Amino acid sequence: MAYDFARIEKKWQGVWEKEKPYAAVTGDKRPKFYGLIEFPYPSGQGLHVGHPRPFTAMDIITRKKRMQGYNVLFPIGFDAFGLPTENYAIKNHIHPAIVTKKNIENFTRQLKMLGFGFDWDRVVDTTDPTYYKWTQWIFLQLWKKGLAYKATMPVNWCTSCKCVLANEEVVEGVCERCGSPVVQKEKSQWMLRITAYAQRLIDDLDELDFIERVKIQQKNWIGRSTGAEVTFKATTGDDIVVFTTRPDTLFGATYMVLSPEHALVKKWMPKLKNADDVRAYQAAAASKSDLERTELSKEKTGVCLDGVAAVNPVNGREIPIFISDYVLASYGTGAIMAVPAHDDRDWEFAKKFGCEIVEVVAGGEDVQKAAFTAKDDTGVLVNSEFLNGLTVRQAIPAITKWLEEKGIGKAQVNYKLRDWVFSRQRYWGEPIPMVWCEKCGWQPLPEDQLPLVLPDVESYEPTDDGESPLSKMTDWVNTTCPCCGGPARRETDTMPQWAGSSWYFLRYMDPHNDKALASKEALDYWSPVDWYNGGMEHTTLHLLYSRFWHKFLYDIGVVPTKEPYAKRTSHGMILGEGGVKMSKSRGNVVNPNDVVAKYGADTLRLYTMFIGDFEKAAAWSDEAVKGCKKFLDRVWALAEAGPEGEDVTPANERILHQTIKKVSDDIEEMKFNTAIAAMMTLVNELYKSKPSKGDMEILLRLLSPFAPHVVEEMWQMLGFDGRAMAQSWPEYDEAKTVEHTKELAVQINGKLKSTVSVPADADDDAVIAAAQAEPKVARAMEGMEIVKAIVVKNRLVNLILRPKK
RNA sequence: GCGGGUAUGGUGGAAUUGGCAGACACGCGGGAUUUAGGUUCCCGUGGGCAACCGUGGGAGUUCAAAUCUCCCUACCCGCACCA
């Protein structure tokens with residue numbers, strides 16, 4: 001019988017609204033459990049069918065934890081600053097705050113429609129001044145500790161968003177958000193010194209329960225490499241400092257390459273005989289977009305600086321200096337020593353420009369034909385005076401020590417991670433609470449003046465020269481210096497979207513506090529987040545940024561733990577029918593509203609969990625949804641028919657205990673699909689005879705986290721006390737899960753021949769005897785003798801036969 | 001190029017981690033109920049008449065391999081001139 005999901009779901013959502021069963025209690029004596037999902041960006045399109053997957057998963061986990069006696073914090077909020085809202089505001093001339101409010105209302109309605117057990121009294125909205133007051137406060141603390149600074153440097157500039165981007169926001173040379181080309185532009189920007197935390201961000205991963213691919217991706221992104229810094233003298237007397245991971249190859253350095261932007265190039269310009277060529281190359285490199293730079297990477301380009309040379313400090317040889325864009329200004333020192341014999345890129349460059357290739361590590365092929373890059377013990381140093389005969393691994397420390405003694409180099413660690421570009425030339429973000437005074441320089445806004453509220457502006461469009469719309473608000477911009485009281489100007493850039501999301505999980509602990517970002521009591525009680533599930537796409541963005549902020553807050557004594565999240569898992573994407581990406585242009589977008597209208601929220605919840613391996617991408621199937629609806633209908637029919645008897649039916653005892661075990665274990669491992677399959681198997685079994693009230697009670701408690709509405713209705717219908725969700729989680733008795741007789745596979749010479757039933761834990765001889773008694777086996781044994789018998793307890797027996805002599 | 005991952009029936013996916021491959025579900029076929037359709041309830045469903053053959057392909061280890069090792073192939077994700 002199909003149940004009336006629309007009526008039932010509405011009814012129970014109303015009950016929860018009143019009874020508030022999801023309220024978290026700070027300071028409660030029960031053990032705490034803090035389950036977190038990534039709060040959504042409230043877009044105008046409303047909830048996407050991708051949202052319910054991670055949300056339902058953590059909802060199930062937290063509901064189970066509640067039933068297990070935990071004081072659960074499972075909060076929700078809105079990451080509401082951001083470009084889509086701003087662009088919508090520009091197009092429709094509506095204030096972004098109004099758009100945001102409307103979108104949040106819509107999201108809230110949809111989230112409640114799906115029956116998620118969020119604590120609705122702790123909702124956080126990053127655009128609320130009482131929230132971003134503390135985002136600004138954290139920025140000021142970073143400033144005080146020298147971790148926020150303003151710097152002019154080439155930055156990633158999105159040509160369409162008219163806005164700078166962090167390195168993390170540039171994907172294959174285009175803007176992560178809009179797909180437009182990104183170019184380099186010199187701009188003065190606020191930066192956050194995340195690189196100061198690079199080593200700790202790597203090291204502390206070891207003690208975290210993060211899935212391995214997250215750890216690997218973060219490590220690779222931070223990109224630690226060890227080597228040495230070496231100082232070369234130029235013929236002009238200047239020092240050229242390079243970073244190398246292969247100091248052992250120093251004798252093979254036959255030229256040097258500087259990045260086109262290197263400061264020394266400018267300094268030397270008057271001395272250069274080919275200054276025009278050099279300037280032309282610099283201009284060409286600057287105008288290339290990131291995309292062009294990477295696409296044109298196949299062929300090396302460059303110009304030799306005519307009129308200046310360098311001296312190799314180990315052998316005194318004079319070597320030429322080039323500029324080339326394969327050397328990046330932003331990594332290392334922006335200059336390299338080139339060892340063409342032992343580096344593929346240098347080799348390629350040397351071949352094109354006719355530089356000398358000198359072998360200093362023997363053991364590879366002819367270095368004139370290809371570079372030999374092995375960095376282990378396969379290579380032995382040659383042509384390197386005091387290093388000759390050492391392996392590469394031995395030579396690296398030897399030369400490093402030598403360089404240190406001579407004062408021309410030292411061991412050095414470098415990271416690929418760059419400091420975080422923290423300003424955006426846009427309106428809909430947190431104002432940066434800094435003031436520029438001609439006399440006093442950059443001054444922080446006094447904390448008692450926070451929040452610095454985003455003023456209303458006429459137009460939300462950035463100016464043509466790429467300044468924030470705030471720059472046109474002269475009466476807001478012009479202010480007085482907090483230091484000298486003289487005339488000063490406010491910073492008009494705003495913070496990136498990642499600011500508000502870098503600490504929101506802390507605010508949930510104490511969302512209405514107006515004295516601090518959260519009280520010490522709340523922070524001590526709830527920290528850290530016990531389990532954080534989110535998308536892989538945030539691994540090197542939000543997840544890394546928030547770890548950085550949290551470590552900083554730990555350092556200044558605001559939070560009690562080194563790391564924000566004890567455990568991190570990740571879900572796969574929901575794809576459209578047939579495994580293609582859902583998109584408006586394909587017309588295959590599934591709207592949760594439609595699914596709920598047709599099948600109900602419980603079915604949608606169940607289906608998104610049943611769809612497949614939680615960690616992997618899964619394709620939506622309208623057909624398969626019906627199977628989940630059918631399952632709930634079948635459970636409903638059992639309840640409606642009325643159970644017979646009070647206690648657990650003895651015949652069902654074993655499967656009930658097996659199901660409790662399976663569902664309990666699977667939820668912890670996020671194997672929701674097999675947990676549901678186990679409950680389906682149980683229900684199929686219960687259909688064979690009329691279940692008792694005791695049987696039904698266990699089933700309903702197990703099913704409650706998955707399908708809370710219909711379970712609550714059945715719980716009431718069957719006359720059980722209280723609420724199903726408030727019951728204790730069913731316990732199982734291991735002894736009751738075991739079968740008394742086991743069906744063992746009987747193999748002959750490793751091939752399955754038959755099966756045999758024996759008592760559980762029967763000893764080997766009994767099993768072998770039983771196997772031989774099987775008619776099929778007996779027939780196969782005619783004229784044969786057993787050479788060996790392998791018995792795997794409760795599983796199989798394998799008889800190895802050979803003809804009798 | 002480097003790093004990570006995936007490949008199992010017509011489909012989504014299971015497989016106690018080396019022990020009866022295909023749980024559970026969709027789909028399909030058959031039957032019952034129904035005036036009929038839908039719903040619901042049973043039964044069947046990897047291939048092959050069979051011996052047997054079957055987990056992307058090929059070798060290997062083992063009494064025993066989807067699972068371990070080596071070599072391929074295809075696809076997906078991340079990074080990409082990082083010295």
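Within every chain, numbering begins at 1; the chains are lettered A, B, ... in the order of the sequence lines, protein sequences first and strands thereafter. Treat the numbers as computed from the prediction; the structure is a model and nothing was measured.
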For this session: Choose from B/rC41, B/rA15, B/rA25 the nucleotide whose nearest atom is closest to any side-chain atom of A/Thr674.
Result: B/rA15

For this session: Quote, to the nearest angstrom, the P distance that separates B/rC81 from B/rC72.
Result: 26 Å

Problem set entry | Rounded P spacing from B/rA14 to B/rG31 in Å | 34 Å

Exercise. Would you say the side-chain atoms of A/Asn749 pair up with the backbone N or O of A/Leu801, donor to acceptor, closer than 3.5 Å?
Worked result: yes

For this session: Any salt bridge (Lys or Arg N to Asp or Glu O under 4.0 Å) involving residues 669-680 of chain A? Give me the pairs, sequence neighbours left out, ordered by first then second residue.
Result: A/Glu669-A/Lys671

For this session: Give one of base, sugar-phosphate or nothing for A/Arg418, where a contact means two heavy atoms less than 4.0 Å apart.
Result: base

Exercise. Taking the P atom of each, how far is B/rU69 from B/rG4, in whole Å?
Worked result: 14 Å

Exercise. If you look at every strand shown and take non-hydrogen atoms under 4.0 Å, does A/Asn414 touch a base, only sugar-phosphate, or nothing?
Worked result: nothing

Exercise. Please walk me through it: do A/Phe349 and A/Tyr255 pass ring pair (Phe, Tyr, Trp, His ring centres under 6.0 Å)?
Worked result: CA-CA 10 Å; A/Phe349 188 90; A/Tyr255 62 94; 5.5 Å; yes

Seminar exercise, completed: Which of B/rC81, B/rC79, B/rA83 is nearest the side chain of A/Trp221? It is B/rC79

For this session: Take nucleotides 58-70 of chain B nucleotide by nucleotide from the 5' end and write B, S or -, depending on whether a protein heavy atom sits under 4.0 Å from the base, only from the sugar-phosphate, or from neither.
Result: -----B-------

Exercise. Would you call A/Val265 and A/Tyr281 a side-chain contact if the rule is heavy atoms closer than 4.5 Å?
Worked result: no

Exercise. Using a cut-off of 4.0 Å on non-hydrogen atoms, how would the nucleic acid contact of A/Glu212 be classed: base, sugar-phosphate, or nothing?
Worked result: nothing

Exercise. Got A/Tyr326 and A/Val257 here, is their nearest side-chain heavy-atom distance under 4.5 Å?
Worked result: yes

Exercise. Is A/Glu743 atom CD crowded by more than 12 heavy atoms from other residues, nucleotides or ligands, each under 6.0 Å away?
Worked result: yes

For this session: Using modelled atom types only, decide if a donor and an acceptor are shared between the side chain of A/Thr400 and the backbone of A/Ala411 within a distance under 3.5 Å.
Result: no

For this session: Please work out the stems of RNA chain B from pairs that are Watson-Crick or G-U wobble with both distances under 3.5 Å, keeping only runs of three or more consecutive pairs.
Result: B:1-7 with B:73-79, B:10-12 with B:24-26, B:27-32 with B:40-45, B:56-60 with B:68-72

Exercise. Per the atom types in the model, does the base of B/rU16 pair as donor or acceptor with the side chain of A/Arg795 at under 3.5 Å?
Worked result: yes

For this session: Would you tell me whether A/His538 and A/Glu38 have side-chain atoms, one donor and one acceptor, within less than 3.5 Å of each other?
Result: yes

Problem set entry | Given B/rA83, B/rC24, B/rC20, the nucleotide with the shortest approach to the side chain of A/Thr244 | B/rA83

Exercise. Taking only N and O in the side chain of A/Asn673, is any of them less than 4.0 Å away from OP1 or OP2 of B/rC24?
Worked result: no

Problem set entry | B/rC52 and B/rU17, which share atom name P, separated by this distance in whole Å | 30 Å

Problem set entry | P gap between B/rC42 and B/rU61, integer Å | 49 Å

Exercise. Are A/Met679 and A/Leu702 close enough that some pair of their side-chain heavy atoms sits under 4.5 Å apart?
Worked result: yes

For this session: Give a yes/no answer on whether the side chain of A/Ser225 brings an N or O atom under 4.0 Å of OP1 or OP2 in B/rA83.
Result: yes

Mind listing the N/O atom pairs, protein and nucleotides 43-54 of chain B, below 3.5 Å?
residue : atom : partner  : partner atom : Å
B/rC53  : OP2  : A/Lys751 : NZ           : 3.3

For this session: Go through B/rC42, B/rA83, B/rG4 for me and flag the one nearest to the A/Arg634 side chain.
Result: B/rC42

Exercise. Do A/Ile396 and A/Lys375 have side-chain heavy atoms sitting under 4.5 Å apart?
Worked result: yes

Exercise. Heavy atoms under 4.0 Å, any strand shown: does A/Tyr415 hit a base, just sugar-phosphate, or nothing?
Worked result: nothing

For this session: With a 4.0 Å heavy-atom cut-off, tell me which residues in residues 655-667 of chain A come close to RNA chain B, sorted by residue number.
Result: none

Exercise. Does a nitrogen or oxygen in the side chain of A/Lys616 sit under 4.0 Å from OP1 or OP2 of B/rC75?
Worked result: no

Exercise. Within the structure shown, what part of the strands sits under 4.0 Å from A/Gly627 by heavy-atom distance: base, sugar-phosphate, or nothing?
Worked result: sugar-phosphate

Problem set entry | Plane angle bin for A/Trp420 and A/Tyr545 - parallel if under 30°, tilted between 30 and 60°, otherwise perpendicular | parallel

List, with names and distances, any nitrogen or oxygen atoms from the protein found under 3.5 Å away from nitrogen or oxygen atoms belonging to nucleotides 27-32 of chain B.
residue : atom : partner  : partner atom : Å
B/rG27  : OP1  : A/Glu623 : OE1          : 2.8

For this session: With heavy atoms under 4.0 Å as the rule, sort A/Ala617 into base, sugar-phosphate or nothing.
Result: sugar-phosphate

Exercise. Expressed as a whole number of Å, how far does the C1' atom of B/rC75 sit from that of B/rG19?
Worked result: 32 Å

Problem set entry | Separation of atom CG in A/Leu575 from atom C1' in B/rC77, rounded to whole Å | 12 Å

Exercise. Between B/rC24, B/rC81, B/rA21, which one does the side chain of A/Ala677 approach most closely?
Worked result: B/rC24

Problem set entry | Working for salt bridge (Lys or Arg N to Asp or Glu O under 4.0 Å), residues A/Lys630 and A/Glu623 | CA-CA 11 Å; A/Lys630 191 169 135 186; A/Glu623 282 303 319; over 6 Å; no

For this session: Ignoring backbone atoms, establish whether A/Lys416 has a side-chain N or O less than 4.0 Å from OP1 or OP2 of B/rA80.
Result: no

For this session: Check whether any side-chain heavy atom of A/Met670 sits under 4.5 Å from a side-chain heavy atom of A/His571, and report yes or no.
Result: no

Exercise. Expressed in whole Å, how much space separates the P atoms belonging to B/rC53 and B/rU40?
Worked result: 41 Å

For this session: Could you check which of B/rA14, B/rG19, B/rC24 has an atom nearest any side-chain atom of A/Val792?
Result: B/rG19

Problem set entry | Basic-acidic side-chain contact under 4.0 Å: A/Arg634, A/Glu685 | no

For this session: Mind checking A/Lys671 for me? I need base, sugar-phosphate or nothing, with any heavy atom below 4.0 Å counting as a touch.
Result: sugar-phosphate

Exercise. Do A/Leu699 and A/Val635 have side chains that get closer than 4.5 Å, going by heavy atoms?
Worked result: yes

For this session: Give a yes or no answer on whether the side chain of A/Asp248 reaches the backbone of A/Ile399 with a donor-acceptor pair at less than 3.5 Å.
Result: no

Problem set entry | Span that lies between the C1' atom of B/rA23 and that of B/rU8, in whole angstrom | 13 Å

Exercise. With a 4.5 Å limit on heavy-atom distance, are the side chains of A/Met714 and A/Leu638 in contact?
Worked result: no

Exercise. Does A/Asn684 put a side-chain nitrogen or oxygen below 4.0 Å from OP1 or OP2 of B/rA25?
Worked result: yes

